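None of these values were measured; they are calculated from a predicted model. All heavy atoms count here, side chains included; hydrogens, waters and symmetry mates do not.
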Amino acid sequence: MTRCGIAYDLHRLAEGRKLMIGGVEVPFEKGSVGHSDGDVLSHALLGAAALGDIGTHFPDTDPKWKDASSLIFLEHTRKLLDARSMRINHLDAVVICERPKLGPHFPAMRHVLAKALGIAPEQINLKAKTNEGTGEIGRGEAIASHAIATLEG
Ligand SMILES: [Zn+2]
């Protein structure tokens with residue numbers, strides 16, 4: 001059976017935080033605010049692939065996950081899928097931010113994400129989009145990501 005999962009995530013951006021996206025630190029003057037490392041792309045992928053909410057498995061009230069690498073969540077997702085005899089066929093995601101330019105970082109992100117999920121980089125497609133200067137994202141106050149996962153099993 002083929003199933004599709006969709007997810008959306010958004011984090012506020014603030015100075016004094018690292019900007020972690022897809023398990024890769026992207027040099028920028030701001031970073032995402034979150035209980036974990038605030039990795040908006042990993043969270044969207046997790047939500048889509050795990051067919052559930054990140055908070056179900058990693059509640060942000062648990063001090064264990066404070067500043068945790070979101071790659072740990074993806075490795076856990078892989079275990080959840082294994083337990084259900086399901087596997088990831090394909091992941092597609094778009095990251096929405098006004099700056100910085102993400103395209104140059106996508107090859108590294110695909111590599112890191114694929115390793116954490118136990119799939120090939122070719123099974124992950126990443127795109128970047130600005131918000132055309134509008135709203136919170138356009139003002140550089142937030143970063144968002146939409147992801148869709150195609151699962152077999
Ligand atoms: Zn998140």
Side-chain angles (χ1 to χ4, degrees), residues 5-50 52-81 88-151:
I6 189 167
Y8 169 77
D9 193 30
L10 179 144
H11 283 263
R12 285 189 296 113
L13 291 173
E15 285 169 19
R17 293 277 302 183
K18 283 184 188 176
L19 183 57
M20 294 300 296
I21 306 175
V24 171
E25 186 180 344
V26 176
F28 191 52
E29 71 236 28
K30 291 180 180 178
S32 43
V33 179
H35 184 67
S36 62
D37 62 1
D39 187 333
V40 74
L41 173 58
S42 292
H43 294 177
L45 288 171
L46 166 62
D53 192 305
I54 184 173
T56 314
H57 300 290
F58 305 101
D60 65 7
T61 47
D62 189 336
K64 189 162 71 171
W65 306 120
K66 185 168 168 12
D67 298 325
S69 166
S70 295
L71 292 177
I72 294 169
F73 304 158
L74 290 177
E75 283 160 12
H76 184 74
T77 303
R78 180 183 180 178
K79 287 184 194 139
L80 290 175
L81 291 172
I88 295 168
N89 191 331
H90 191 257
L91 297 172
D92 198 358
V94 56
V95 181
I96 308 161
C97 66
E98 214 61 25
R99 285 188 309 127
K101 283 251 179 284
L102 300 180
H105 302 282
F106 281 161
M109 290 178 195
R110 290 169 70 215
H111 180 82
V112 169
L113 292 167
K115 197 173 168 210
L117 288 163
I119 59 176
E122 294 72 33
Q123 290 173 278
I124 304 175
N125 193 39
L126 300 176
K127 284 161 286 191
K129 178 81 183 78
T130 72
N131 222 31
E132 302 283 344
T134 66
E136 297 84 357
I137 294 172
R139 289 191 297 271
E141 295 166 8
I143 184 169
S145 179
H146 296 266
I148 186 161
T150 309
L151 308 164

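The 12-atom threshold is exceeded at NZ of K127, counting heavy atoms of other residues, nucleotides or ligands nearer than 6.0 Å. Dense packing is recorded around CZ of R139, with more than 12 heavy atoms of other residues, nucleotides or ligands lying under 6.0 Å away. Other residues, nucleotides and ligands contribute more than 12 heavy atoms inside 6.0 Å of the NZ atom of K129.
In this structure the side chain of L126 never reaches within 4.5 angstrom of the side chain of L102, judged on heavy atoms. Residues S42 and D37 have side chains not in contact (no heavy-atom distance under 4.5 Å, counting atoms from C-beta outward).
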Query raised in the report: Which is it for C97 and T130 under the side-chain contact (heavy atoms from CB on, under 4.5 Å) test, yes or no, and what are the steps along the way?
Result: CA-CA 5 Å; C97 66; T130 72; over 6 Å; no
Query raised in the report: Can you check side-chain contact (heavy atoms from CB on, under 4.5 Å) on L91 and I119, steps first, answer last?
Result: CA-CA 10 Å; L91 297 172; I119 59 176; 4.0 Å; yes
Query raised in the report: Between R99 and E29, does a side-chain contact (heavy atoms from CB on, under 4.5 Å) hold up when you go through it step by step?
Result: CA-CA 10 Å; R99 285 188 309 127; E29 71 236 28; 2.9 Å; yes
Requested in this report: Check the pair H11 / D9 against side-chain hydrogen bond (donor to acceptor under 3.5 Å, both in side chains), numbers first and verdict last.
Outcome: CA-CA 7 Å; H11 283 263; D9 193 30; 3.0 Å; yes
Query - Verdict with reasoning, V26 to M109, per side-chain contact (heavy atoms from CB on, under 4.5 Å) - result: CA-CA 10 Å; V26 176; M109 290 178 195; 3.9 Å; yes
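Minimum interatomic distance between A93 and L45 (heavy atoms only, all atoms of both residues): CB-CD2, 4.1 Å. Closest heavy-atom contact between G38 and S32: O-OG, 2.7 Å. For the pair K101 and P104, the tightest heavy-atom approach, listed with the atom from each and the gap, is O-CD, 3.9 Å. Counting all heavy atoms, side chain and backbone alike, A48 lies closest to A7 at N-CB, 3.4 Å. Looking at every heavy atom in both residues, A50 comes nearest to L80 through CB-CD1, 4.4 Å. Minimum heavy-atom separation, G22 to D39: N-OD1, 2.8 Å.
Interatomic distance, NZ of K79 versus OG1 of T77, reported as 10.0 Å (0.5 Å rounding). One finds the CD1 atom of I124 at 7.5 Å from the CD1 atom of I88 (value rounded to the nearest 0.5 Å). Here CG of L46 is found 11.5 Å from CG of L113. Values are rounded to the nearest 0.5 Å.
No donor-acceptor pair under 3.5 Å is formed between the side chain of E136 and the backbone N or O of E141. In this structure, E98 contributes its side chain and N131 its backbone to a donor-acceptor pair below 3.5 Å. One N or O on the side chain of R17 and one on the backbone of G34 form a donor-acceptor pair closer than 3.5 Å. Checking side-chain atoms of R110 against main-chain N and O of P121 turns up a donor-acceptor pair under 3.5 Å.
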Can you list, pair by pair, the side-chain donor-acceptor contacts under 3.5 Å of residues 142-149, counting residues two or more places apart and other chains?
unit_1 : atom_1 : unit_2 : atom_2 : d
S145   : OG     : V94    : O      : 3.1

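Sorted pairs that involve residues 103-136 and meet ring-ring contact (aromatic ring centres under 6.0 Å, His included), not counting sequence neighbours, are lacking altogether.
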